[in-house]
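Notes to accompany the following structure.
Atoms considered below: every heavy atom in the structure, side chains included; atoms not considered: hydrogens, waters and symmetry mates. Only a predicted model underlies this, so the values are computations on that prediction, with no experimental measurement involved.
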Amino acid sequence: MERGIASADALFSLEGIPEGAVVPEPEGEAATEAAVERLGSRFARLDGQVRHALRRTRDHAGNLSSDRLQGLSEIVQNAEDLGATDVRILMWGWELLVAHNGSPVRLPDVLALAMPLADEQGRAGGIHR
């Protein structure tokens with residue numbers, strides 16, 4: 001778990017991810033869960049104005065497309081970018097569960113999904129590869 005937390009901290013501290021950079025991945029379910037939770041807590045601890053700016057960016061990102069299913073389209077596109085040929089989407093209460101048979105989603109992918117308009121290199125436009 002400590003390695004997962006350290007991986008999340010190292011990733012969160014980078015300003016973009018240079019091409020070819022190696023970001024340590026958490027190993028195992030507990031470490032992965034700890035890393036994702038740590039990313040969430042790092043976002044929650046951002047100063048108020050930074051959180052506000054990110055929230056406004058996220059809210060205005062919806063204006064880029066009038067397609068109300070754009071988010072699902074992005075999920076499918078990202079799965080395809082990871083080599084998936086099968087994507088399954090399930091609504092469970094208020095949770096959206098997604099599984100695909102492509103390459104595993106990495107910690108930088110999780111960070112990019114949480115950041116409005118940014119991919120893992122800090123570029124605009126989602127996490128497409």
Side-chain angles (χ1 to χ4, degrees):
M1 286 179 41
E2 289 179 20
R3 181 178 170 172
I5 291 170
S7 294
D9 285 340
L11 176 62
F12 200 88
S13 297
L14 292 174
E15 186 172 331
I17 300 176
E19 193 70 36
V22 176
V23 177
E25 286 292 317
E27 294 181 21
E29 188 175 333
T32 300
E33 185 175 332
V36 171
E37 286 182 13
R38 180 60 154 220
L39 288 177
S41 71
R42 294 286 305 256
F43 274 110
R45 289 194 321 248
L46 290 173
D47 290 337
Q49 287 300 322
V50 176
R51 280 195 324 271
H52 176 73
L54 287 173
R55 189 175 310 113
R56 287 187 48 83
T57 301
R58 179 200 63 211
D59 293 346
H60 291 292
N63 296 334
L64 297 176
S65 172
S66 60
D67 182 359
R68 64 186 183 89
L69 299 176
Q70 181 66 34
L72 291 176
S73 176
E74 290 291 327
I75 289 169
V76 171
Q77 180 62 53
N78 288 325
E80 182 179 80
D81 292 344
L82 292 170
T85 58
D86 184 38
V87 179
R88 295 171 188 229
I89 300 173
L90 172 69
M91 285 292 300
W92 185 265
W94 287 100
E95 294 181 16
L96 180 66
L97 306 173
V98 179
H100 62 73
N101 64 345
S103 298
V105 174
R106 299 173 18 252
L107 195 56
D109 299 329
V110 173
L111 180 63
L113 287 168
M115 295 288 296
L117 303 177
D119 69 4
E120 70 249 23
Q121 279 81 35
R123 300 177 303 222
I127 67 167
H128 303 302
R129 296 177 205 259

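Here Trp94 is tied to no hydrophobic group at all, with no ILVMFWY side chain closer than 4.5 Å.
Applying the side chain to side chain contact (heavy atoms under 4.5 Å, CB included) test to Ile5 and every residue at least two apart in sequence or in another chain returns Asp9, Ala34, Arg38. Partners of Val76 under the side chain to side chain contact (heavy atoms under 4.5 Å, CB included) rule, at least two apart in sequence or in another chain, are Val87, Ile89. Scanning for side chain to side chain contact (heavy atoms under 4.5 Å, CB included) contacts around Glu80 gives Gln77, with sequence neighbours left out. Residues meeting the side chain to side chain contact (heavy atoms under 4.5 Å, CB included) test with Ser103, sequence neighbours left out: Leu82.
By the criterion of side-chain heavy atoms lying less than 4.5 angstrom apart, applied directly or through intervening Ile, Leu, Val, Met, Phe, Trp or Tyr residues, Leu97 is not grouped with Val110; the two fall into different hydrophobic clusters. Under the 4.5 Å side-chain heavy-atom criterion for grouping Ile, Leu, Val, Met, Phe, Trp and Tyr, Leu39 is connected to Val105 within one hydrophobic cluster. Residues Val98 and Met91 are members of one and the same hydrophobic cluster, defined by side-chain heavy-atom contacts under 4.5 angstrom among Ile, Leu, Val, Met, Phe, Trp and Tyr.
With a 4.5 Å cut-off on side-chain heavy atoms, Phe43 and Leu111 count as touching.
In terms of heavy-atom proximity, Gly4 sits nearest to Pro26 at CA-CB, 3.7 Å. Of all the heavy atoms in Asp109 and Pro104, the pair that sits closest is OD2-O, 4.2 Å.
For Asn101 (side chain) and Asp86 (main-chain N/O), a donor-acceptor pair under 3.5 Å exists by modelled atom type.
Evaluation of the salt bridge (Lys or Arg N to Asp or Glu O under 4.0 Å) test over residues 27-36, restricted to residues two or more places apart or in two chains, returns Arg3-Glu27.
Note: Asn78 CG to Ile75 CD1 = 8.0 Å, rounded to the nearest 0.5 Å.
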